[in-house]
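Written out below as structure tokens is the structure these notes cover.
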Amino acid sequence: MRTKLVAVAAAIIAAGFALAGSAQAQAQAQAPIIIKFSHVVSPDAPKGKATMVFKDLAEKYTNGRVKVEVYPNSSLYKDEEELEALQLGSVQILAPSISKFGPLGVKEFDVFDLPFLMSDDARARQMMASPMMEDLNKKLEAKGVTPLAYWDNGAHVYTANRPLIRPEDFRGLKLRIQGSKVLDAAVRELGGIPQIMAFGELYQALQTGVVDGEDNVPSNILTQKFYEVQKNLTVSYHGRLTYALVTNKKFWDGLPADLKEPLARAVKESTDYFNETAAKDNVDALEKIKASGKVQVHYLTDDEKKAWVAKLMPVHKEMQSRFGKDFIEKIYKASGFTPPQS
Ligand code: LMR
């Protein structure tokens, strides 16, 4: 009798465990897949807004099977940490500037920082849509990083505490740069002192004089209030801020197949939203900065721009040893850039 009772009790307990186990498995299966999306800009900058659009669309198109947690303003990872965190799978999506890909070991992305290569909006978009990007995308994938889209945040302007009109005005200036070797070479060519610095540290560094100036897009200069701690802004459009929307390859490849299409749709639509919004926000931001009366804004004349181009073209030559002449020629062809005849 006793043995029978023990067996029944054991069966009941086992059934209970099985039930609990399957309930747990069911709960886990029903728990949303979490996508952590970290970035370094403020929520009201174009990337901050587009990230929220991606969140809303991803959650809507997957009927809540995906939940996107957004961490703006370097609140989760700073510049130098976020790519490593992505490779480790501690975060699932980022949208960093491609000028910060050097540490990933894909140096080819620095080529897009060649002075005046990507100044023109149409040329820049032509470049990022060109088949050449497939080769670069494969190199990123080999590092465990899958590019989902490229977001074009427009052309760079310079800010500093003195007018930057002629190349010689840069002499001896400490200028903050993103991590690319080409940006480093360009500042040196102008006679400045390049200083790599995380975006999140830049406001304070400008305020305290750790650096004298920086280059960025107007929407970042406005939303991070850099214009409050700088006296001069030169509309030079000498470089460009392109983001790569990237994910961890293992994470993305491991997603349930029926989630791939809805997420790809969210990527596509938030990319369209970004490119439209960024173009408008950067024009508006420059107007707002001008209207603040806090900085002296100077638009380079054609002759002044010619002097900058002539001063900076040696960087293109110098980088032939880094990227190879053929590769640079291909980039010129894909972007439609013609180096001025010297
Ligand atoms: C910068 O570091 O200046 C920018 O790349 C920041 C950003 O993400 O817009």
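Counting convention: from 1, in listed order, for ligands and their atoms alike. Count residues from 1 along the sequence.
A cation-pi contact, defined as under 6.0 Å to the ring centre and within 45° of the axis, is absent between K55 and F37.
The distance between the ring centers of Y299 and Y237 does not fall below 6.0 angstrom. Checked against a 6.0 Å centroid threshold, the rings of Y332 and H316 count as neighbours.
If you check the side chains of S42 and N73, you find no donor sitting under 3.5 Å from an acceptor.
For D184, the salt bridge (Lys or Arg N to Asp or Glu O under 4.0 Å) test picks out R188, with sequence neighbours left out.
Salt bridge status for D169 with R166: present, with a side-chain N to carboxylate O gap under 4.0 Å.
At a heavy-atom cutoff of 4.0 Å, ligand 1 is surrounded by V40, V41, K47, S97, K100, R176, Q178, F199, N216, N220, L241, Y243.
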